[in-house]
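Side chains included, hydrogens not; waters and symmetry mates left out as well; all remaining heavy atoms used. If you read the sequence from its start, that first residue is 1, and numbering goes on from there.
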Amino acid sequence: MASGGEAMAETHPYDPADSVSIGVYSYPRSGNMWLRSILAAGMGMEDVAAGVRRYLPDAANQNVLQNGWDRQGQRWFFHKTHHMVPLVDAAGAPVPVDKILYIYRDPLDVFVSYLNFLSANVGNEAGRRSGFGIDTVESIPPDRMEWFVCRWIADATLFPKNRKFGGWFESVQSFRARAAAGEPVHLIRYEDLKTDFDATVAGIFAFLGVEEVDTARTYALADRNTAQDGKMAWQRQSATHRRYLTEEQIARFAMVWAQELADIGYSYAQ
């Protein structure tokens, strides 16, 4: 097998005899791309962008368990999804997964980042299909923003009919419950990556059983791959919602979801 860091080569599909399968889960706009970039860099991939595309595919539009990355005498397979339960294939059979990484982020930061994702600033098919007609988050009129806020307060999602993703609370609680039940699920707070990158990343790779990860190199390569372009990556900061929402809107969200927020560990007290 090739060692981590060598040129990417053709690999064989998943074989449980010599493979490890890792699921990378999140609610949309919670930092999944950053996490996959961290994984690619920490696993020894020099070209992180190419590594993410090939070895950490999005199950929504790529085949999974097709390309494995060789490290420490094992072949590692990753897949990314926003489903709120472990992935199944087209026939309804569970996709083999040995461990799950779940990243979550402040729900109001997720909210405004989702608005950006659906805007003409990003200009993707998801935005065109949404019917929301957003040019940029900055240009949303106050009355229109209030409409979006009310929708998020009601369901913690902009798309309540999407039962694959569920709402933000449903998604986070699903994986918190799995971790609490002893399933191999490692929870990662986006904010912890921002405030203590080294310790948080060390915990991720310790959970995976991957040794000798250079966190400084990992940060540099992952940061380069998600460098702020003002579009898909957008702000790459915490508490972004305070730039776009009023204190009254934030307070209403905090009141409606008070118990759930307290359970997960988020507070909007100034």
Side-chain angles (χ1 to χ4, degrees), residues 1-72 74-105 117 122 124-126 162 164-165 171 175 184-186 188 190 193 201 204-205 207-210 213 218 221-227 229 231-233:
M1 291 185 181
S3 63
E6 294 183 4
M8 298 180 190
E10 290 300 316
T11 56
H12 301 289
Y14 173 82
D15 180 347
D18 68 352
S19 303
V20 179
S21 175
I22 307 297
V24 186
Y25 284 71
S26 69
Y27 189 81
R29 314 312 303 157
S30 297
N32 199 300
M33 174 55 78
W34 191 22
L35 177 56
R36 284 187 290 155
S37 299
I38 290 167
L39 292 168
M43 294 298 288
M45 303 177 198
E46 296 293 342
D47 188 337
V48 170
V52 168
R53 287 192 300 270
R54 181 172 177 80
Y55 297 104
L56 293 100
D58 186 340
N61 50 41
Q62 294 173 270
N63 292 327
V64 302
L65 301 181
Q66 296 300 306
N67 297 308
W69 177 256
D70 294 339
R71 182 183 169 107
Q72 295 181 189
Q74 290 182 305
R75 183 163 288 137
W76 294 78
F77 291 81
F78 295 86
H79 65 267
K80 168 251 180 166
T81 181
H82 294 311
H83 286 210
M84 67 175 177
V85 296
L87 199 64
V88 298
D89 63 22
V95 172
V97 62
D98 297 297
K99 297 180 179 181
I100 289 175
L101 297 169
Y102 184 84
I103 185 168
Y104 61 104
R105 183 184 187 186
F117 177 72
V122 174
N124 58 30
E125 186 59 31
N162 186 334
K164 291 181 179 179
F165 297 175
S171 178
F175 287 94
V185 175
H186 185 67
I188 305 151
Y190 178 93
L193 280 170
V201 168
I204 291 169
F205 285 99
F207 170 75
L208 296 180
V210 174
V213 174
T218 297
L221 291 177
D223 190 63
R224 184 186 308 162
N225 191 48
T226 57
D229 59 8
K231 295 185 182 295
M232 190 71 95

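- In this structure, Phe77 and Gln66 have side chains that are not in contact, with every pair of non-hydrogen atoms separated by 4.5 Å or more.
- In this structure, the ring of Tyr55 has its center no less than 6.0 angstrom from the ring center of Trp76.
- Across Val97 and Gly23, no two heavy atoms sit closer than the pair CG2-N, 3.4 Å.
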query = Going through the checks in order, is the side chain to side chain contact (heavy atoms under 4.5 Å, CB included) test met by Met45 and Val52?
reply = CA-CA 9 Å; Met45 303 177 198; Val52 168; over 6 Å; no
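- In plain terms, the two heavy atoms of Ser19 and Asp15 that are nearest each other are OG-O, 2.7 Å.
- For the atom pair CZ (Phe207) and CG (Leu101), the distance works out to 6.0 Å, reported to the nearest 0.5 Å.
- Between atom CD1 of residue Ile204 and atom CG of residue Leu193 there is a gap of 5.5 Å, rounded to the nearest 0.5 Å.
- A side-chain hydrogen bond (donor to acceptor under 3.5 Å, both in side chains) with Asp58 is found for exactly one of Lys80, His79, Arg53, Arg36, namely Lys80.
- Atom CD1 in Ile38 sits 8.0 Å away from atom CD1 in Ile188 (nearest 0.5 Å).
- Partners of Ser26 by side chain to side chain contact (heavy atoms under 4.5 Å, CB included), not counting sequence neighbours, listed by chain and number: Ser30, Asn32, His82, Ile103.
- Taking every heavy atom of both residues into account, Arg71 and Val213 meet most closely at NH2-CG2, 4.3 Å.
- The two residues Leu65 and Pro96 have their closest heavy-atom pair at CD1-CD, 3.6 Å.
- In this structure, CE in Met84 is found 11.0 Å from CZ in Phe165, a value given to the nearest 0.5 Å.
- Under 3.5 Å, the side chains of Tyr102 and Ser171 contain a donor-acceptor pair of N or O atoms.
- With Tyr25 contributing its side chain and Leu87 its backbone, the two residues share a donor-acceptor pair below 3.5 Å.
- Contact check for Val95 versus Pro86: no side-chain heavy atoms found under the 4.5 Å cut-off.
- When every heavy atom of Glu46 is checked against every heavy atom of Leu221, the shortest pair comes out as O-CD2, 4.2 Å.
- For Asp47 (side chain) and Ala50 (main-chain N/O), a donor-acceptor pair under 3.5 Å exists by modelled atom type.
- Side-chain atoms of Ile22 and Leu39, non-hydrogen and from C-beta on, never get closer than 4.5 Å to each other.
- Summarising the geometry, atom CZ belonging to Phe78 is positioned 9.5 Å from atom CG belonging to Leu35; distances are rounded to the nearest 0.5 Å.
- Distance check: Arg29 CZ to Phe117 CZ gives 5.5 Å after rounding to the nearest 0.5 Å.
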query = Can Val48 and Arg224 be said to form a side chain to side chain contact (heavy atoms under 4.5 Å, CB included), step by step?
reply = CA-CA 9 Å; Val48 170; Arg224 184 186 308 162; over 6 Å; no
